[in-house]
Each structure stands twice: as structure tokens, then as C-alpha cells.
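In what follows, a structure is listed as C-alpha cells, so that the remarks can point back to it.
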Amino acid sequence: MQSTAWYTSLVLILLLSAIFIFVLRRSRDSGDAAEVARRAYAPRSKLFALALAAGVIITVVTLLPWPHQLQAGAGIDRVVEATARQWSWSLSEDRAQVGERIEFKVSSEDVNHGFALYDPDMQLVTQIQAMPGYINRLQHTFEKPGEYRILCLEYCGLAHHAMTASFTVSPN
Amino acid sequence: MSSSVTATATQSRERLYLQIYMGITLAVLLLMLLAGVALRAAQGTLINLPPDLFYQAMSLHGTGMVGIAGLAGVSIMWYFLRRYVALTPGIFLANLLLFTLGVVMILGAILLGGFAGGWTFLYPLPASSMGQWNTHAAAAFIGGLLIIGVGFLLFYLDAGRALLARYGSLGRALGLDQLFSGKVDADHPPTVVASTMVLIINILGTLAGAVILVMSLINLYLPAVTIDPLWAKNLIYFFGHVFINATIYMAVIAVYELLPHYTGRPWKLTRPFLAAWAASTLMVMIVYPHHLLMDMVMPAWMLIMGQIISYLSGLPVLLVTAWGTLVQIYRANVNWEAPARFLVLGVFGWSIGVIPAIVDGTMTINKVMHNTLWVPGHFHFYLLLGLLPMVLGFMLHVTRLPDSRIHPLLERGGFWLFSGSAAAFVVMFLYSGLHSIPRRFAEYLPAWVAQAQLSTLFGTLVLLSLAAFFILLLRRLAQVRMQA
């Protein structure tokens, strides 16, 4: 998913930069302002319609299924209660097996924290906020074994960066 | 004779106020840029900054940059809006004084009191420092923000009063009557439209900020009086999002007003322009839930709205302001003096920043990008490559004399050094986001350090290139060279 974000952004940034450079290279030329405006603004409404259509498609594709989708209890193999406090995590269980669907019930005893699950290669695989007074539920199916790490991704004070925990995923 | 003397005295006084605004802006910008580079250097283990000092510097950098962006934006809005409506110079000054008082309180809170709750002061962190700072330090920080907010509110209320006196209603100032009737008055100033939008959103934003600030203040001294954390989050992000976006909407007024000076083409009002600003007025206020996409306890409809409006709110920037800028300069035989360069760079940076912002505003991507360095990546595009160049373009224009050209080495070399290093600095944030490196971390894993070191190098080049322009501007301000 990170790669999708990176390459999509990179391509669009380069495309927009190329448009700016194209126009800048002709900025010292002279041309009739009215004619330039007439020709430049003609395709804008079509581009607007195109952008709207793309927006509808992007919305449907990215929101279905609902990213915070929760399955019924029967689909969950293990429930892990994750409680945050300055500056540690308390986990009711700290291991699972590949292929299991885990539901993390995430909350906080003091301030806001962020429950972020990093895989053994330290790539962020999913996250949810940990809030005092609320339980945020995060469901995840582990696809590869190894030592996962839980980091806090919501700034919570002096030892925010050191607020980590381990979660072991063993092969099925 | 008497009225002439009075007018000259008023102009002189207003010029002085503006000079002070610009001087403070440059000084704070320079210090906050230094703090920003120091943060990256500490993450890159190039300097030793213990976690307590790191998070204090982080709070200082965030609060200082947001505040000074607001102050710079106000100076631009005031400078141009007073051409069309009668603003009150005393209110302009009052805002400056309240800002200064607020800054002193915030500096005291951070540097003396050790406050390090971040510029977002996310409830209940200010009251729960685990001994790092005390209640009074948190109160000084929150009180400082509150006082700064009062200054801004006074300014917007004065602008609102002046616009109502001239146009009769905010709707007419925003051009809604023209938008819906189809009879567009091409001479209706874009500055008036943009200013009206800004004051509508920022009066509401500042008031929301005041509510949560006062509530936080009460909670500090009366802990039994608690706030719902989700409600607090909504208020903070509504205020924060609206405030920081309003700074760019104020700065872009400089582009509308000044770019035509260098292209010879007036920036005329059109129906799409009015539609874009009307739509942005609404969208900037309802898009803030995209900061809360990882709070699944939020109502689903608000999160869906956050994603959709995130996408839509990029369109006016790209299809109206960026497009309009490109039409301004295409085959216009542009006089590429430094102000024009920076103004166009500002529009470029703002437009580019829309892309990673929209990408991160998509929930499935937000799941793996939220609170990584991807986030400062997108907003540094907006601020370092968008707002800051607009502000510099404005300052370089209003302090120039007809016969004063900047040395070509600075005008071209300095400009391109800044543009290149700032772009590289910001892209490094995105690249670090790709590798899941968290934001707001005082200490890095060994694998993350090299990226912070490279980023520090680019940040240092940004500082060096900007320092040259800052020195030039400070010298001009000292020489009282400014167009009335």
C-alpha cells in the first residue's frame, strides 16, 4: 500500500511539474492574452468533469469494503486487548499464528496514543488510535511469521518514541 | 492641508506597522527554520538533543511556524484589502501586540517551563506530562495561544465590519450574488473574495479553538472537570485545520494582486473563480475529519465525508489558482524578477502538496501512512514550498524600489538553490513515509538515521539560501524602503 501511495504521488507530481516547466519555458515569449486565455480555459470544464468521475471511482474502490470493517464474532480467531499508558503497552496476549484473524481492542488509560503494528521488516501494516474512554477495534490477519512490533504513533510525551511492545506471529 | 498631513501621518504609521509585522515574521521564521533543521539533525544523530529538549523544540517549531504563518498571512491580507475597504490600523496593531504577548507566554512555557505538549495540545496531554512540565507551564502555553487567537479574531471581525460596510453582506463580498445570477463583475477584486472566505472560516475556526483552549485551561486547574477526548479532538482538528489552511488562503492574495504586475495580465474575476472560492469556504470547514480517519469510533459518515472532501478540495487549487497562474505566465513575456519567481513557486508548491494530501486522505492508505513522515511531507509542500515563497514574493515586492534589482547571483542562484533544496527536503519526508518512519520521534532506529541525515543536509541548504534573502529583506526594512 505504501508503494501505491509513493508511486501514485510521484507520477502525479512529475506530471504536474512537467506542465509547470512546459509553461515556464514559454513564459518569455509574447502572445495575445485573450487568445491564450481562450485556448487554456476551453478544456478546463472537461477536466473538471473527468476529475469528478475519477473521484467517484476512487471513492467506491477505496471505501468498499469499509476500511474499518469488523467481522461478526464467529470470524475472529483471537481477541487481544491492547491498553496504552504513558509509556508502555499492556497486551492480554502477545502471540498469534499466521492466518489467524485477530481483533485488537485498543484503549488508553491516560492520554491519546496510536496503536501501530509494524511487521518484522519494520513496515507499518495497520494502525488505529488509542483513546481514553473509548475502545477502538482493529482486525487484522497476519500473513507472515516473525517478530512484529507495536509502536505508538500519536505523540504522548517524553518517552513517546520508546513506547513499544512485541507481538510474535508463528507459522501455521 | 490639514487632512493631507493627517493622511500622510496615517500612511506612515501603517507603513511602520507593516514593517514590524514583516520584521517579526522574518525573525521568527529564521528561528523556527533553525529549530526544524535541528530536529532533523537530532534524528540523524548529528547533534545530541535529549528527548525532553527535542520535544520542546518540536512544540516550539510547530507552534511558531503555524503562528508566524498566520501573522504573515494577516499582513498580506491587510496590505491588499485596505485598498478596497476601510480597515482599522489600531486593530492591525492590536493583533500584533497580542501576538507578541502570546509568543512571550508560549516561549516562557516551553523554554522555562519545559512544556512539550505539541502545537496540537491534544487533550489531555497538557495535563498529563508525567512530571516533564507543571500545570502553570501548560496554562501559559494554552493561555498564550488563547491570547494570539483573540488578536486574530479582532482582525477578522474588523475585516468583516469593513466588508459589510462596503458590500452590505458577506455573501455579496464573496460574490455569491454574481455566482448565482451569472452576471459577473470582472472588476470585483479577487482580494475581497479571498478575504471574505478567510474571515468566515477563521472566525469559526478561532472560536472553536477558543472553546477547547478554555476547556483545557479549566481542566488544568480543576481536573474533576473533564472533557470528552473525542469531542476535544474534533474541536482541535477543526481549529487547527481551518487556521493553517487560512494562512495559505491569505498568502495567495499576494499572487492575485502581484503576479499581474510582472505578467502585464490582470487577474480578472470569473464564474469558476467565484464557484471555487465559495466551494472552498464550505469544504475547508467540513474536511477536517480526514485527520480522524484512524478513530473508528467517529461516525462513519464523517470519515467518508473527510475522504471525499479531501479529494474535492484539491480541485479548486489545481483548476483555478494553479491553472490561472499558468495562464498568467504562458507567453506573457514575464518580467522574472525575484518576487515573480517566488510567487509562482508558491503556487507550484501549494499545487504539488495537494497530491500527497489527497493520497493520505484516502482511508486505506491512511491506515499505513497516518502519523508517519508522509504527513509532514505533504504539509511542508504547502508551507515551505507554498506559503513561504508567497510571503517572500510579497515582501520582496513591497520593499523594492523601481531601480533596485537584486544581484543576479542571488536572484537566480539563491532562488534555484532554495527551490531545489526545499523540494529535496520535502520529498525526503515522503520517502521516509514510504518506509514507515514515524513522525514526532526523538530517537530513531539505526535503519532510519541515514534518511534524517540526508534531510538535514537539504534543510541546511534551505537555511543558507533563505538566509541570504532574509538579510536582504532586513536591510531593506531597516532602510524603510517600502511602497505605501
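Naming: A, B, ... by sequence-line order, numbering from 1 per chain.
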Which atoms form the tightest heavy-atom contact between [X] and [Y], and what is the distance?
{"X": "B:Gly324", "Y": "A:Tyr41", "result": "CA-OH, 3.5 Å"}
{"X": "A:Ile135", "Y": "B:Val297", "result": "O-CG1, 3.6 Å"}
{"X": "A:Gln2", "Y": "B:Gly433", "result": "CG-O, 4.3 Å"}
{"X": "B:Pro124", "Y": "A:Pro132", "result": "CD-CG, 4.3 Å"}
{"X": "A:Gln127", "Y": "B:Asn366", "result": "NE2-O, 3.3 Å"}
{"X": "A:Leu63", "Y": "B:Met363", "result": "CD2-SD, 3.9 Å"}

Sub-3.5 Å donor-acceptor pair from the side chain of [X] to the main-chain atoms of [Y], do we have one?
{"X": "B:Asn371", "Y": "A:Leu153", "value": "yes"}
{"X": "A:His68", "Y": "B:Leu293", "value": "yes"}
{"X": "B:Ser436", "Y": "A:Leu124", "value": "yes"}
{"X": "A:Arg44", "Y": "B:Leu319", "value": "yes"}

Per-residue contacts, residues 161-171 of chain A versus chain B, heavy atoms under 4.5 Å: A:His161
Looking only at heavy atoms, which of residues 109-118 of chain A get nearer than 4.5 Å to chain B? A:Asp110, A:Val111, A:Asn112, A:Tyr118
Hey, does [Y] have a side-chain heavy atom less than 4.5 Å from the side chain of [X]?
{"X": "B:Ile304", "Y": "A:Trp66", "answer": "yes"}
{"X": "B:Ile329", "Y": "A:Arg28", "answer": "no"}
{"X": "A:Ser9", "Y": "B:Trp374", "answer": "yes"}
{"X": "B:His435", "Y": "A:Met122", "answer": "no"}

Take a 6.0 Å sphere around [atom1] of [X] and say whether it holds more than 12 heavy atoms from other residues, nucleotides or ligands.
{"X": "B:Trp231", "atom1": "CH2", "result": "no"}
{"X": "A:Glu35", "atom1": "CD", "result": "yes"}
{"X": "A:Arg101", "atom1": "CZ", "result": "yes"}

Name the member of [options] that forms the most heavy-atom pairs with chain B at distances under 4.5 Å.
{"options": "A:Gly31, A:Ser3, A:Cys152", "answer": "A:Gly31"}
{"options": "A:Thr8, A:Val125, A:Val23", "answer": "A:Val23"}
{"options": "A:His160, A:Met1, A:Arg39", "answer": "A:His160"}
{"options": "A:Leu10, A:Thr62, A:Leu47", "answer": "A:Thr62"}

Walk me through it: do A:Ile128 and B:His370 pass the test side-chain contact (heavy atoms from CB on, under 4.5 Å)? CA-CA 9 Å; A:Ile128 202 84; B:His370 181 65; over 6 Å; no
Ring centers of B:Tyr55, A:Tyr155 separated by less than 6.0 Å: yes
Name the region of [X], side chain, backbone, both or neither, that has any atom closer than 4.5 Å to a heavy atom of chain B.
{"X": "A:Val56", "answer": "neither"}
{"X": "A:Met131", "answer": "side chain"}
{"X": "A:Ser17", "answer": "both"}
{"X": "A:Arg38", "answer": "neither"}
{"X": "A:Tyr134", "answer": "side chain"}
{"X": "A:Arg137", "answer": "both"}

Mind running side-chain contact (heavy atoms from CB on, under 4.5 Å) on B:Phe441 and A:Leu151 for me, showing each step along the way? CA-CA 11 Å; B:Phe441 259 40; A:Leu151 268 58; 4.1 Å; yes
Under the criterion side-chain contact (heavy atoms from CB on, under 4.5 Å), I'd like the reasoning laid out for A:Leu52 against B:Leu312: C-alpha separation, chi angles, the key distance, then a yes or no. CA-CA 8 Å; A:Leu52 281 185; B:Leu312 290 177; 3.6 Å; yes
Between B:Gln307 and A:Thr59, is a side chain to side chain donor-acceptor pair (under 3.5 Å) present by the stated rule, with each step listed? CA-CA 8 Å; B:Gln307 173 172 324; A:Thr59 303; 4.8 Å; no
Name the region of B:Tyr311, side chain, backbone, both or neither, that has any atom closer than 4.5 Å to a heavy atom of chain A. side chain
Under 4.5 Å from any heavy atom of chain A - which part of B:Ile358: neither
Does the side-chain contact (heavy atoms from CB on, under 4.5 Å) test come out yes or no for A:Leu24 and B:Trp336, once each step is laid out? CA-CA 10 Å; A:Leu24 284 173; B:Trp336 280 116; 3.5 Å; yes
